[in-house]
Amino acid sequence: MGHDQGQRSAAAAEFAIPVSQSLNLRTTLGSGQVFRWAEDGGWHWGVIGTHAYALRQEVDSLRVRTTASREEGAEAILGFLRWGDDFDVVCWELARDDPRLQEAIECYPGLRLLRQDPWECLASFICSQVSNIPRISRNLQAIAQTYGKPVSLDSRQLWRFPTAGAVAQGGADGLFRLGLGFRARYLAEAAAAVSEGRLDLMALRGVPYTEAKESLLTLKGVGDKVADCALVFSLDKLEGFPLDRWVRRALEEWYGVSPKTSYANALAWAQERWGLRAGYVQQFLFHHRRLLG
DNA sequence: GGTGCACCTGTTAC
DNA sequence: AGTAACAGGTGCA
């Protein structure tokens, strides 16, 4: 690790991981959980932690090229894809008594939740508010190229997401110049809180949902929805239920939930119904409803 | 606790 | 072409 500054093109490790449960990499990486992965020539390019990865889905395996060692790379990918979740059982249970959900699940087999780096995930969803996926991707890439470090894989240059400290140093002005608009001061504030240790994101993985959410909500610019995204997509709180326009529409149209139901009540309703699988349900509802237009 | 509005700035819809 | 509504929300009166 330490000596690799990512400036030069290190020899890539290549290996395959056998795939024995449902996985659709394209759907998963394109489902709006992450914003900096790109597909090119059948390979998905991205950064996990400090290393670059190219992933290609084959019939019964996942082919991997990475700047990491084989061991470190395999562990990072299996963590990222939540390989420990028995995804097929989750889907079977969800679809069993729910025709709507059964339909959504059948439309997108292999759509998995990811387990992201908490800081990049929080930053991503702070950027996401009242925005759209192309712009979010542009903003995050600009942040990575301005404050992050490059890492090369197979003569392709990718960018690590910068530390909270690096983002904090650039400040709100720096982020505003990158086109974040009113989100700039929110992200700068979050970066400061994280880099100064006022908010210990990693520690939130070991804390109950409600308590972890309270911590996130102390940040200006982080409300219920952004907090739930960080909780589900990076902090192992699968009972979270990010409620955005699309999911709200799905709840209204498919479950008769009144449009004026408060966030708190809709969340309680979803958690009552789906419990620790609420996060997975949200992802299927979001993806399905969004693609319907 | 709820309601209504402003907020940066690309896209998209007429 | 020009203009307005809208976009993975949130803070504040």
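Atom P of B/dT9 sits at a distance of 25 Å from the matching atom of C/dA1, rounded to the whole Å. Separation of the P atoms belonging to B/dC5 and C/dA5 is 13 Å when rounded to the nearest angstrom. Rounded to whole Å, the separation between the P atoms of B/dG4 and C/dC6 comes to 16 Å. As rounded to the nearest Å, C/dT3 and B/dC8 have P atoms that lie 22 Å from one another.
Among the protein residues, A/L219 comes within range of the sugar-phosphate backbone only, with heavy atoms under 4.0 Å from sugar or phosphate atoms but none that close to a base. Residue contacts for A/V247: at a heavy-atom cut-off of 4.0 Å it reaches no nucleic acid atom on any strand shown. Using a 4.0 Å heavy-atom cutoff across all strands shown, A/F176 reaches sugar-phosphate atoms only and no base atom. A/G223 comes within 4.0 angstrom of sugar-phosphate atoms only, judged by non-hydrogen atoms across all strands, and of no base. Across all strands shown, A/R249 has heavy atoms under 4.0 Å from sugar-phosphate atoms exclusively, and none from any base. Contacts of A/S124 with the nucleic acid, taken as non-hydrogen atoms under 4.0 Å apart, are absent. Among the atoms of the strands shown, base atoms are found under 4.0 Å from some heavy atom of A/Q33. Among the protein residues, A/F233 comes within range of no part of the nucleic acid, since none of its heavy atoms lies under 4.0 Å from any strand.
For A/R245, taking side-chain heavy atoms from C-beta onward, the closest of the listed nucleotides C/dG11, B/dG2, C/dA7 is C/dA7. The listed nucleotides are C/dC12, B/dC7, C/dA7; the one nearest the side chain of A/V130 is C/dA7. Side-chain proximity of A/R135 to C/dA7, C/dG11, B/dC8: nearest is B/dC8. Ranking C/dA7, C/dC12, C/dG9 by closeness to the A/D244 side chain, first place goes to C/dG9. Of the candidates C/dA7, C/dC12, C/dT10, the closest approach to any side-chain atom of A/V226 belongs to C/dT10.
Looking at A/R183 and A/Q129, their side chains never bring a donor and an acceptor atom within 3.5 Å of each other. Side-chain atoms of A/Q57 and A/H44 form no donor-acceptor pair, as typed in the model, at a separation below 3.5 Å. For the residue pair A/T66/A/H51, the side-chain donor-acceptor check at 3.5 Å is not satisfied.
Rounding to the nearest 0.5 Å places CZ of A/F161 at 5.0 Å from CD1 of A/I143.
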Quick one: the dot-bracket string of DNA chain B, using Watson-Crick and G-U wobble pairs with both distances under 3.5 Å, [ ] for crossing pairs and | for bases paired to another strand.
..|||||.||||||

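In this structure, A/R249 is positioned above the aromatic face of A/W246, its NZ or CZ under 6.0 Å from the six-membered ring centre and within 45° of the axis.
Grouping the Ile, Leu, Val, Met, Phe, Trp and Tyr side chains by contacts below 4.5 angstrom, directly or via other members, places A/W269 with A/W254.
Distances shorter than 4.0 Å separate none of the side-chain N or O atoms of A/R183 from OP1 or OP2 on C/dG11.
For A/Q169, the CD atom counts as loosely surrounded, since its 6.0 Å shell holds 12 or fewer non-hydrogen atoms of other residues, nucleotides or ligands.
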